[in-house]
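Working notes for the structure below.
Throughout, a chain's letter reflects where its sequence line sits, starting with A, and its residues are numbered from 1.
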Amino acid sequence: DAGVIQSPRHEVTEMGQEVTLRCKPISGHDYLFWYRQTMMRGLELLIYFNNNVPIDDSGMPEDRFSAKMPNASFSTLKIQPSEPRDSAVYFCASTSRGVGHQPQHFGDGTRLSIL
Amino acid sequence: GEDVEQSLFLSVREGDSSVINCTYTDSSSTYLYWYKQEPGAGLQLLTYIFSNMDMKQDQRLTVLLNKKDKHLSLRIADTQTGDSAIYFCADNQKLVFGTGTRLLVSP
């Protein structure tokens with residue numbers, strides 16, 4: 001079975017540019033999560049969706065960050081404009097049957113470097 | 001919100017047992033999970049324990065849950081170099097992950 005697929009795996013771009021990260025969840029999963037991992041702050045939940053609807057975006061750092069889920073098989077996380085402090089590994093995860101009953105399945109992440 | 005705390009680093013020799021500890025603050029947690037993250041990869045589920053259990057064993061892995069002290073531990077028996085990774089405890093219901101413990105296994 002295909003797992004959670006993220007693209008790109010690596011992204012290096014200059015400050016001020018728009019960055020778009022992509023995620024394809026596991027088929028049949030109705031929850032999708034975006035996380036950010038840094039050495040300083042560990043793993044942070046940015047936003048999660050249920051049935052394509054954003055449920056909690058309180059972890060989104062600021063207005064420069066936005067996330068969409070236009071259908072059950074695709075989500076994007078966009079940063080515009082990007083800043084060096086956005087450099088991190090961004091993970092997408094998906095699960096089913098409610099957040100308390102099933103583990104989350106993680107993608108391999110996108111390593112983002114903003115110069 | 002809930003806090004989930006772990007020690008940051010553990011170093012053991014191959015063949016020894018490793019014990020990774022985790023404390024949490026929310027007593028209403030239903031499931032507590034252990035994930036493993038290898039370099040360059042995402043988190044992968046290792047095991048989990050339901051809150052009405054005190055212990056769960058799965059091959060080399062033993063999870064102990066002390067609800068009174070809100071303490072969770074993961075014991076890896078006969079630790080191998082391939083076990084070197086970062087280990088996260090997580091309260092899946094509250095969507096809170098610990099800081100992660102980096103386990104280094106030396107030959």
Does [atom1] in [X] sit with more than 12 non-hydrogen atoms of other residues, nucleotides or ligands closer than 6.0 Å?
X: Arg64(A); atom1: CZ; value: yes
X: Lys68(A); atom1: NZ; value: no
X: Tyr48(B); atom1: OH; value: no

Side chain / backbone / both / neither for Arg9(A) at chain B, heavy atoms under 4.5 Å: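 The answer is the side chain of Arg9(A).
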Part of Gln37(A) within contact of chain B (heavy atom distance under 4.5 Å): side chain
Same apolar cluster (I L V M F W Y, side chains within < 4.5 Å links), Tyr24(B)/Leu46(B): yes
Single-linkage hydrophobic cluster, 4.5 Å side-chain cutoff, Leu77(A) and Tyr48(A) together: no
Over all atoms of both residues, closest heavy-atom pair of Leu43(B) and Phe106(A): O-CB, 3.3 Å
Which atoms of Gln44(B) approach chain A - backbone, side chain, both or neither, heavy atom under 4.5 Å: neither
Main-chain N/O of Gln104(A) paired with Tyr35(B) side-chain donor or acceptor, under 3.5 Å: yes
